[in-house]
Protein chains: 2
Amino acid sequence: MTCDTSETQMRIGEVAEAAGTTAKTLRFYEEQGLLPEAERTPSGYRDYTPEAVVRIDFIHRGQAAGLTLAQIKQILDIRDGGEIPCGHVRDLLDARLADIDRQIADLLALRDNVAALRDAAAEPEPETCNADEVCRYL
Amino acid sequence: MTCDTSETQMRIGEVAEAAGTTAKTLRFYEEQGLLPEAERTPSGYRDYTPEAVVRIDFIHRGQAAGLTLAQIKQILDIRDGGEIPCGHVRDLLDARLADIDRQIADLLALRDNVAALRDAAAEPEPETCNADEVCRYL
DNA sequence: ATGGACCTTCTCCTGTACTGGAAGGTCCAT
DNA sequence: ATGGACCTTCCAGTACAGGAGAAGGTCCAT
C-alpha cells in the first residue's frame with residue numbers, strides 16, 4: 001500500500017466544486033488570508049491537497065453560525081499558530097449570541113412600529129390625507 | 001401683518017441641525033433625488049425654506065420604519081407628482097412587515113444553532129480537541 | 001484686512017463577501 | 001494545429017448610507 005500524496009492534488013476548480021463554492025471565491029479567500037497560499041504547478045496553477053476542502057467546510061460552518069470572514073480568520077489564525085482555539089471560539093459564539101439577541105429585540109420592536117403604521121394605513125380613507133404632510137401614515 | 005417669506009430662509013447647516021443631521025447628508029439626499037434642488041443665494045449657497053425640515057423629518061420616519069432611501073424616494077416622488085401615496089405606503093409597509101417577519105424567523109433559527117454550539121463549546125475539555133479538525137465546535 | 005465659521009464642488013473611502021470581465025497562458029483531445 | 005475548457009492576474013463594481021478631506025469661495029465681526 002504505497003500512498004502517493006501527489007496523486008491527490010487538486011486544481012482550484014475541483015476544490016471549489018467539492019466544497020460547493022467557486023474558484024473565484026477561493027482566490028478571494030486566499031487573498032484574505034483564510035486559505036494559505038496554495039502550492040503551484042510548474043505552469044503556475046494552484047495545486048491543492050484535499051485538506052483545503054476541510055478548511056473551506058469549516059469556513060462554511062462558521063458562516064452558517066453567522067460569523068464574519070474576519071472572525072473565522074481569527075480562529076484559523078489561532079489554530080494555524082499551533083494553539084487550540086476553543087476558548088476564542090467560545091468567546092466569539094457568546095458575542096455572536098448576544099448580538100443575535102439584540103438584533104431580534106430590535107426587529108421585534110421595529111415589527112411593532114411597522115405593524116401599527118400598516119394598520120393605520122389600512123384604513124381606506126385616503127381622502128383625509130393632508131397635502132401639508134408628506135404622508136400622515138409615516 | 002406682512003409676512004415676508006424670505007426672512008425664513010435657512011442655510012444648509014441650519015436645516016441640518018434643525019433636522020438632526022449633517023450638511024453632508026443633505027447634499028447627499030439632494031444628489032439622490034430625495035430633496036429637490038435647493039434655491040441658491042447669489043453667492044451659490046443653498047437656500048432652504050423650513051419645509052425642507054419637514055421633508056427630512058419624513059425621511060427619518062421612513063428610515064425608522066426600516067424603509068430604504070430608495071423606497072422613501074418612491075413615496076416622495078408620488079407625492080411630488082401630485083398623487084396621494086397612501087396605497088403605495090401601505091404596500092411598502094406590508095412588504096416591509098413580511099420582510100421583518102422573515103428576518104426574525106431566520107434569526108431565531110440561527111439563535112438556536114449558535115446557542116447549541118456555544119453550549120457545546122462551554123464544556124471545559126479542550127484537551128479532547130482533535131488536531132485534524134480545525135475546531136470540533138464548529 | 002484678517003480670522004474663523006460657514007459654504008461650494010470634487011474625489012475617494014468605509015464594511016461585507018463576493019462577482020464580472022478583460023487579456024492572456026495552459027492542457028488535452030481531436 | 002486548433003478548439004474548448006480550464007487556469008492566471010488585475011481592475012472594477014455590487015448594495016447601503018453616508019463620512020473624510022482637499023482646495024477654494026463667502027460672510028461677518030473685530
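Values below: all heavy atoms of this structure, side chains included; hydrogens, waters and symmetry mates excluded.
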Residue list, side chain to side chain contact (heavy atoms under 4.5 Å, CB included) with [X], at least two apart or on another chain:
X	answer
A:I78	A:E83, A:P85, A:H88
A:E51	A:T49
B:R118	A:L93, A:D94, A:L97
A:P50	A:T8, A:M10

Contact list for DNA chain C against residues 97-106 of chain A - heavy-atom distance below 4.0 Å: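 Nucleic-acid contacts, sorted: none.
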Grab the [atom1]-[atom2] distance between [X] and [N] for me, whole Å please.
X	N	atom1	atom2	result
A:H60	C:dC18	NE2	C1'	11 Å
A:Q9	C:dC27	CD	P	15 Å
A:I72	C:dA17	CD1	C1'	11 Å
A:E37	D:dT8	CD	P	13 Å
A:F28	D:dT9	CZ	P	15 Å
B:L26	D:dG18	CG	C1'	12 Å

B:V114 to A:A65 - nearest heavy-atom pair and separation: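 Scanning both residues, the minimum pair turns out to be CG2-O, 3.4 Å.
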Generate the contact string for nucleotides 1-16 of chain C. Rules: B means base contact, S means sugar-phosphate contact only, - means no protein heavy atom under 4.0 Å. -----BSBB-------
[atom1]/[X] to [atom2]/[Y] distance, rounded to the nearest 0.5 angstrom?
X	Y	atom1	atom2	result
B:L35	B:R46	CG	CZ	10.0 Å
A:T25	A:L34	OG1	CG	11.5 Å
A:Q63	A:F58	CD	CZ	11.0 Å

For B:H60 and B:T21, run side-chain contact (heavy atoms from CB on, under 4.5 Å): C-alpha distance rounded to whole Å, both residues' side-chain angles, the deciding distance at 0.1 Å, then the answer. CA-CA 10 Å; B:H60 286 154; B:T21 184; 4.2 Å; yes
side-chain hydrogen bond (donor to acceptor under 3.5 Å, both in side chains) partners of [X], counting only residues at least two apart:
X	result
B:D101	A:R111
A:D77	A:K73
A:D99	A:R96, A:R102, A:Q103

Would you classify B:T22 as touching base, sugar-phosphate or nothing, given that sugar-phosphate means primed atoms plus P, OP1 and OP2, and contacts are heavy atoms under 4.0 Å? sugar-phosphate
Runs of at least three consecutive pairs that involve DNA chain C, where pairs are Watson-Crick or G-U with distances under 3.5 Å: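 The stems are C:1-30 with D:1-30.
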So, is [X] near the phosphate of [N], with a side-chain N or O under 4.0 Å from OP1 or OP2?
X	N	value
B:Y29	D:dA17	no
A:T25	C:dT19	yes
B:Q63	D:dG18	yes

Are more than 12 heavy atoms, taken from residues, nucleotides or ligands other than A:Q32, located less than 6.0 Å from that residue's CD atom? yes
For nucleotides 28-30 of chain C, tabulate all protein N/O to nucleotide N/O atom pairs closer than 3.5 Å, reporting atom names and distance.
none

For residues 8-21 of chain B, pull every pair meeting salt bridge (Lys or Arg N to Asp or Glu O under 4.0 Å), keeping only residues two or more places apart or in separate chains.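 Output for this query lists B:R11-B:E14.
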